[in-house]
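Some notes on the structure that comes next.
Chain identifiers are assigned alphabetically (A, B, ...) following the order of the sequence lines, protein sequences preceding nucleic acid strands; residue numbering begins at 1 within each chain. Note that the coordinates shown come from a computational prediction; the quantities given were computed from them, not determined experimentally.
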There are 2 protein chains.
Amino acid sequence: MRKKVVTIQDVAQSAGVSVATVSRVLNNSPRVKERTRVKVQEAIRQLKYQPNLLGRDLRRDRTKRIMILLSSLDYPMLKEVYKGVEESARNYEYSTIICSTSGSKNKEEQLLQLLKNRFVDGVITFGTTLTAQELRQLNRDYPIVQCLEWMGNTGTPYVSVDNEKGARDAVTYLVKLGHRRIAMISRNEGQTALLREQGYGLALQEAGISYDANLIKYGDFSYESGVRLTKELLEENTSRPTAVFCINDTMAVGCANAARNLGYSVPEDLAIVGFDDTMEALMSAPPLTTMRQPKYELGHMAMEILMRKINGKEPETNAVLLPAQLVIRNSTVVKR
Amino acid sequence: MRKKVVTIQDVAQSAGVSVATVSRVLNNSPRVKERTRVKVQEAIRQLKYQPNLLGRDLRRDRTKRIMILLSSLDYPMLKEVYKGVEESARNYEYSTIICSTSGSKNKEEQLLQLLKNRFVDGVITFGTTLTAQELRQLNRDYPIVQCLEWMGNTGTPYVSVDNEKGARDAVTYLVKLGHRRIAMISRNEGQTALLREQGYGLALQEAGISYDANLIKYGDFSYESGVRLTKELLEENTSRPTAVFCINDTMAVGCANAARNLGYSVPEDLAIVGFDDTMEALMSAPPLTTMRQPKYELGHMAMEILMRKINGKEPETNAVLLPAQLVIRNSTVVKR
DNA sequence: TTGAAAGCGCTAACAC
DNA sequence: GTGTTAGCGCTTTCAA
């Protein structure tokens with residue numbers, strides 16, 4: 001099945017030089033006579049030679065490749081974050097491969113193998129099932145950077161959005177519009193959700209609004225949970241909320257649709273603010289007010305830090321938090 | 001930076017055997033005395049040895065890895081198709097890496113390098129910029145299967161949905177609901193769009209409805225184009241359409257939102273049928289009637305065929321077309 | 001049942 | 001400037 005592949009030996013023979021010279025030409029070494037270079041390049045072209053990466057990587061100390069490790073491909077911001085990573089990587093002549101763990105711890109270990117086996121020079125993780133202990137260990141031995149989802153106190157660098165400030169800004173905005181009964185659709189696991197909840201709490205506190213546990217619901221980031229929890233919020237509460245802050249756009253769309261289906265209009269009866277600013281927010285009816293994550297920048301920055309680590313320089317800072325930006329659309333309006 | 005890695009040599013030394021024996025244990029060779037095997041395994045555990053894949057792959061004829069090659073990560077069906085591929089791959093103890101060309105021909109060549117360099121055993125493509133000639137050549141030398149987007153007459157196997165039949169069923173359904181002025185939002189490039197347009201034409205013909213070029217608009221699969229083209233359809237036509245068939249859900253959501261913003265209600269004033277059955281269709285207001293692609297099966301089948309090729313067996317069939325299934329939701333209703 | 005040794009394709013230290 | 005050669009970590013003959 002597989003074709004006999006042209007090797008560096010074949011090129012050397014064809015060009016009448018040694019393999020070392022061919023290797024020098026391939027790696028743009030300056031100490032090659034112009035005539036020789038041309039001769040070798042001619043042979044390369046004629047034989048359609050392409051270097052075997054396995055051989056090269058085995059010998060070299062670097063593969064010029066990094067891995068993006070994620071738990072699921074179902075990740076609305078992936079495309080843009082990836083673009084940031086990819087464009088930064090390209091500047092260093094690095095290429096990227098994407099691997100999904102599908103949430104399996106086993107699979108994740110297998111993929112981290114690729115790092116330990118020098119199959120890639122470094123890894124950017126988007127959420128991991130590693131324990132703090134494991135992550136600390138891994139970070140000591142290999143270049144690794146966390147993006148978006150992160151664990152602190154492990155010494156592992158991370159690049160994320162300022163979740164607390166973002167949530168606080170979102171809720172403060174709702175307060176400014178005149179809302180006092182502000183609900184939240186959150187998640188009861190993960191650092192991201194926790195920080196956003198803290199931001200929510202802070203904003204309420206600053207506005208002198210007392211905290212009401214009935215107004216907080218916990219979902220799983222899915223559309224369905226947004227729908228279900230909004231129904232609960234609107235049906236359970238004797239004094240129903242006039243606004244909802246959702247910790248992602250997916251649930252916020254569910255919230256908007258559920259509210260309308262119950263006969264409430266958005267934003268007049270219920271104002272909604274999401275988080276992320278994905279296409280979903282734009283495609284929603286009405287388009288959602290949301291906190292925009294600097295997706296491209298997050299990816300770009302993660303790659304920059306990873307390159308520093310790969311090159312053996314400790315990055316100046318181990319923790320980067322970029323600000324989220326309020327994007328006002330039609331799911332919010334000044335309260336009458 | 002990088003940790004000194006434990007090699008097979010270290011294990012051999014520690015266990016007091018040769019590297020050959022360690023290799024045999026690693027590969028479950030039967031000709032190893034039980035005592036020796038235990039001794040080696042003990043050493044492996046103690047040293048936390050993990051085989052270097054680069055060395056192994058260089059020596060072996062296979063990597064037990066395949067690549068999924070796509071032009072963009074922004075692919076609403078990716079998650080489910082991938083699941084199909086991944087679960088099939090797992091059965092063969094294969095792992096998968098995903099690589100995006102970002103639409104760059106250059107990048108694509110670079111990635112196909114990984115195949116030619118035995119970095120992966122095979123490739124599943126989701127759309128490629130290769131010419132028919134190049135694809136034919138590649139398919140002759142390496143295991144490769146096309147999924148969803150494909151080129152015929154190259155000898156390269158493909159697994160896709162029956163686009164013509166799917167489109168025909170969608171439009172026939174609209175006809176049955178009583179519609180005669182049925183528009184289409186399509187795309188003016190790519191085989192997929194072409195086949196769906198043919199299906200549309202066939203359905204009209206079967207219903208004795210004459211073809212009206214004004215009712216066909218060409219977008220680029222994006223939400224924005226769905227919005228824009230729907231406006232055109234509703235504003236330009238003196239006799240406006242009562243139904244629209246969109247060749248993907250993304251544009252169909254744009255269609256629904258644009259129609260409502262112009263004061264038309266969906267489905268009463270304008271019925272809409274999408275294609276794909278992604279989350280977008282479910283999250284739309286109203287939820288969209290659409291043609292469901294058998295996403296998981298498409299991925300699974302592609303991987304099965306690829307494995308056959310990797311194992312040197314010519315697949316029984318080079319072309320698999322799975323049926324799309326009509327899913328009726330609230331963007332269509334019997335016409336009054 | 002085990003070990004010695006060749007060799008996968010490449011790079012780089014060293015010699016000329 | 002160029003060639004010779006060792007060796008990256010592994011698998012797999014071949015011989016013992």
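Legend: residues meeting salt bridge (charged side-chain N to carboxylate O under 4.0 Å, His left out) with A:K105, ordered by chain and number and at least two apart, are A:E134. With sequence neighbours excluded, no residue satisfies salt bridge (charged side-chain N to carboxylate O under 4.0 Å, His left out) with A:R136. Looking at residues two or more places apart in sequence or on another chain, you find a side chain to side chain contact (heavy atoms under 4.5 Å, CB included) between B:A132 and B:M151, B:T154. With sequence neighbours left out, A:T125 forms a side-chain hydrogen bond (donor to acceptor under 3.5 Å, both in side chains) with no residue at all. A search for side-chain hydrogen bond (donor to acceptor under 3.5 Å, both in side chains) contacts involving B:T36 returns nothing, not counting sequence neighbours. Take A:Y49 and apply the ring pair (Phe, Tyr, Trp, His ring centres under 6.0 Å) test, not counting sequence neighbours, and it matches no residue. Residues passing the salt bridge (charged side-chain N to carboxylate O under 4.0 Å, His left out) test with B:E109: none are found, sequence neighbours excluded. Under the side chain to side chain contact (heavy atoms under 4.5 Å, CB included) criterion, B:R31 pairs with B:R24, B:S29, not counting sequence neighbours.
Within residues 48-55 of chain B, the residues that place at least one heavy atom under 4.0 Å from DNA chain D are, in residue-number order, B:Y49, B:P51, B:N52, B:G55. Across residues 22-33 of chain A, A:R24, A:R31, A:V32, A:K33 each have a non-hydrogen atom less than 4.0 Å from an atom of DNA chain D (numbered order).
Rounded to an integer number of Å, the gap from A:L58 CG to D:dT11 C1' is 13 Å. Nucleotide D:dC10 holds its P atom 18 Å from the NZ atom of B:K64, rounded to whole Å. The NZ atom of B:K116 sits 19 Å away from the C1' atom of C:dC10 (whole-angstrom rounding).
OP1 or OP2 of D:dT2 has at least one side-chain nitrogen or oxygen of A:T36 nearer than 4.0 Å.
Applying the side-chain hydrogen bond (donor to acceptor under 3.5 Å, both in side chains) test to every pair with at least one member in residues 76-86 of chain B, sequence neighbours left out, gives these pairs: A:K107-B:E86, B:Y82-B:T96, B:E86-B:R90.
Between the side chains of B:T156 and B:Q146, no donor-acceptor pair is found at a separation under 3.5 Å.
Taking the side chain of A:A20 as heavy atoms from C-beta on, and the options C:dA12, C:dG3, D:dG9, the nearest nucleotide is C:dA12.
Computed from C1' positions of five pairs at each end, the angle between the two local axes of the helix from C:dT1-D:dA16 to C:dC16-D:dG1 equals 40°, rounded to 10 degrees.
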